[in-house]
Amino acid sequence: MGSSERARHWQYAELPGVDLLRARYVRKTFVRHTHEHFVIAAIADGVEVFHHRGADQYAGAGALALVNPDTPHTGRAGVPEGWRYGAVYPSPEVVAEIAAETTSIRGTPGFVRPVLDDPYAVGLVHQVLRATDEGNALAADTLLRVAVTRLLRLNGGPLPQREVRTAGARRAAAARAVLEERMADPPTLERLAGDLGSSPFALLRAFRAAYGMPPHAWLTDARVRRARRMLDAGHPPAEAAVAVGFTDQPHLIRHFSRIVGVPPGAYQRERKNVQDAPGLPLVASEG
């Protein structure tokens with residue numbers, strides 16, 4: 001493996017509701033973040049380490065890193081040479097539809113363990129990506145369904161339903177709603193807590209317990225999510241940066257790259273070219 005980092009984050013029109021990624025990272029670290037979609041990352045070489053539900057998880061060649069939607073996690077290399085992988089990110093709707101047709105999982109389907117050793121499923125994920133490169137919609141759709149079905153049968157179950165029972169959890173939810181609404185001009189922790197009749201540390205503890213990260217980290221993640229939607233809708237990165245509350249475009253580039261894995265410009269170019277010619281060159285992962 002060479003030492004250069006490469007990543008491509010794209011969509012294929014014939015696979016609606018699914019994001020695609022092919023990457024090789026060495027020094028890259030992903031800060032704690034969440035995805036609205038499922039993460040199905042198939043490791044081809046090296047080792048990825050990611051913090052997930054209070055512990056470091058290691059996924060090596062032949063294994064898959066599996067993360068449910070809205071679940072905080074990080075990512076970094078577990079060996080000096082880094083890791084190379086291909087990933088599909090199907091939406092909750094896509095996974096629910098496949099689960100309903102092919103499994104007996106009741107409730108909202110999801111993955112039970114965050115790492116699964118299964119070279120066969122790793123191969124399927126890479127075949128899905130290859131099929132999109134070749135413009136083979138029938139193969140891409142079929143192989144994605146086969147892969148998701150296999151992973152749900154080997155490692156699937158109903159996701160636990162989060163109930164907002166305690167006063168702390170209700171305050172955390174109220175704080176999140178305020179941050180969502182005032183994304184570009186958020187209050188301080190002290191003011192936020194005071195407005196909700198709490199102390200700063202009590203709110204911090206409750207928020208962490210509810211969402212797996214402190215309010216400032218959650219806000220950065222939410223800003224990047226909103227910026228992604230604006231880029232998808234065709235807004236320029238500089239405009240998206242200011243609209244979501246980043247000071248400028250370099251600020252957006254830094255946070256976007258540490259969560260999405262590619263800079264916003266490269267991300268948007270791929271979105272505009274959903275029906276690209278196959279075999280597009282990879283772009284450097286850093287802005």
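In this text, all values refer to a predicted model and were calculated from it rather than measured experimentally. Computation of the quantities below employed the complete heavy-atom set of this structure, encompassing side-chain atoms and omitting hydrogens, waters and symmetry-equivalent molecules.
V47 and L116 fall into different hydrophobic clusters, where Ile, Leu, Val, Met, Phe, Trp and Tyr residues are linked whenever their side-chain heavy atoms come under 4.5 Å apart, directly or through other members. In this structure, V146 is a member of the same hydrophobic cluster as Y12, with clusters built from ILVMFWY side-chain heavy atoms closer than 4.5 Å. Linking ILVMFWY residues whenever their side-chain heavy atoms come closer than 4.5 Å, directly or via other members, places M230 and L252 in the same cluster. By the criterion of side-chain heavy atoms lying less than 4.5 angstrom apart, applied directly or through intervening Ile, Leu, Val, Met, Phe, Trp or Tyr residues, V31 is grouped together with V224 in one hydrophobic cluster. In the hydrophobic clustering of this structure, L154 groups with F38; members are Ile, Leu, Val, Met, Phe, Trp, Tyr whose side-chain heavy atoms approach within less than 4.5 Å, directly or through other members.
Inter-residue side-chain proximity for Y267 and R8 is flagged as unmet; no heavy-atom pair is nearer than 4.5 Å. Considering only heavy atoms from C-beta on, T108 comes within 4.5 Å of Q161 through its side chain. Looking only at side-chain heavy atoms (C-beta outward), L129 and L20 come within less than 4.5 Å of each other. Within the 4.5 Å cutoff, side-chain heavy atoms of L219 are placed close to those of M183. Under the 4.5 Å side-chain criterion, counting only non-hydrogen atoms from C-beta, L151 is not in contact with N155. P264 has its side chain within reach of L231: a pair of non-hydrogen atoms, C-beta onward, lies under 4.5 Å apart. Residues Q57 and V49 form no side-chain contact, since every pair of their non-hydrogen atoms from C-beta on lies 4.5 Å or further apart. Between H35 and H73 there is a side-chain heavy-atom pair separated by less than 4.5 Å.
Checking side-chain atoms of T71 against main-chain N and O of V67 turns up no donor-acceptor pair under 3.5 Å. Checked by atom type and distance alone, the side chain of N68 never pairs as donor or acceptor with a backbone atom of G110 at under 3.5 Å. At least one donor-acceptor pair closer than 3.5 Å links the side chain of K28 to the backbone N or O of S257. A distance-only check finds no donor-acceptor pair linking the side chain of R24 to the backbone of W83 [under 3.5 Å]. Looking only at distances, no side-chain donor or acceptor of H255 sits under 3.5 Å from a matching main-chain atom of T220. Not one N or O on the side chain of E5 forms a donor-acceptor pair closer than 3.5 Å with the backbone of Y25.
Listed by chain and number, the residues in a side-chain contact (heavy atoms from CB on, under 4.5 Å) with A217 are M213, P214 (sequence neighbours excluded).
Nearest heavy-atom pair across A42 and H126 is O-NE2, 3.2 Å. G157 approaches V112 most closely through the heavy-atom pair N-CG2, 3.8 Å. Considering every non-hydrogen atom in both A139 and N136, the closest pair reads N-OD1, 3.1 Å. In this structure, V262 and H9 approach most closely via the heavy-atom pair CG2-CB, 3.8 Å. Here the shortest heavy-atom pairing between A210 and A172 reads CB-CB, 3.9 Å. Taking each heavy atom of R171 and L203 in turn, the nearest pair found is O-CD1, 4.0 Å.
Of the inter-residue distances, the one linking L192 atom CG with L179 atom CG reads 5.5 Å to the nearest 0.5 angstrom. The structure places CZ of R176 at 4.5 Å from OH of Y211, a figure rounded to the nearest 0.5 Å. Annotation: the span from R113 atom CZ to L66 atom CG amounts to 9.0 Å, rounded to 0.5 Å. Between the OG atom in S199 and the CZ atom in R205 there is a gap of 6.5 Å [rounded to 0.5 Å]. In this structure, T149 OG1 and L124 CG are separated by 10.0 Å, a value rounded to the nearest 0.5 Å. Between the CZ atom of F207 and the NE2 atom of H216 there is a distance of 10.5 Å, given to the nearest 0.5 Å.
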Apply side chain to side chain contact (heavy atoms under 4.5 Å, CB included) to the pair F50 and V115, showing each step before the final yes or no. CA-CA 10 Å; F50 60 106; V115 176; 3.9 Å; yes
CA sep, side-chain torsions, deciding dist, call: T29, T74, side chain to side chain contact (heavy atoms under 4.5 Å, CB included): CA-CA 8 Å; T29 54; T74 62; over 6 Å; no
Apply the test side chain to side chain contact (heavy atoms under 4.5 Å, CB included) to residues V122 and I43: give CA-CA distance (whole Å), side-chain angles for both, the deciding distance (0.1 Å), then the verdict. CA-CA 7 Å; V122 166; I43 314 297; 5.9 Å; no
So V88 and L21, side chain to side chain contact (heavy atoms under 4.5 Å, CB included) or not? Walk me through it. CA-CA 6 Å; V88 293; L21 177 78; over 6 Å; no
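Side chain to side chain, E93 and S91 meet the donor-acceptor criterion of an N or O pair below 3.5 Å. For the residue pair H51/D56, the side-chain donor-acceptor check at 3.5 Å is satisfied. Under 3.5 Å, the side chains of D221 and T34 contain a donor-acceptor pair of N or O atoms. Side chains of R150 and Y120: a donor-acceptor N/O pair is absent below 3.5 angstrom, by distance only.
Contact check on E36 versus R229 returns a salt bridge, with a Lys/Arg side-chain nitrogen under 4.0 Å from an Asp/Glu carboxylate oxygen. Salt bridge R145/E97: present, at least one basic N to carboxylate O contact under 4.0 Å. A salt bridge does not link R130 to D133: none of the charged nitrogens lies less than 4.0 Å from a carboxylate oxygen. A salt bridge links D70 to R225: at least one charged side-chain nitrogen sits closer than 4.0 Å to a carboxylate oxygen. A salt bridge is absent between R76 and E48: the closest approach of a Lys/Arg side-chain nitrogen to an acidic carboxylate oxygen does not fall below 4.0 angstrom.
Relative orientation of the F30 and H33 rings is tilted, given thresholds of 30° and 60° on the angle between their planes.
More than 12 heavy-atom neighbours from other residues, nucleotides or ligands sit within 6.0 angstrom of CZ on R254. Counting heavy atoms of neighbouring residues, nucleotides and ligands inside a 6.0 Å radius, atom CD of E239 exceeds 12 of them. Enclosure of atom CZ in R191 is not indicated, since only 12 or fewer non-hydrogen atoms of other residues, nucleotides or ligands lie within 6.0 angstrom.
Checked against a 6.0 Å centroid threshold, the rings of Y89 and H37 do not count as neighbours.
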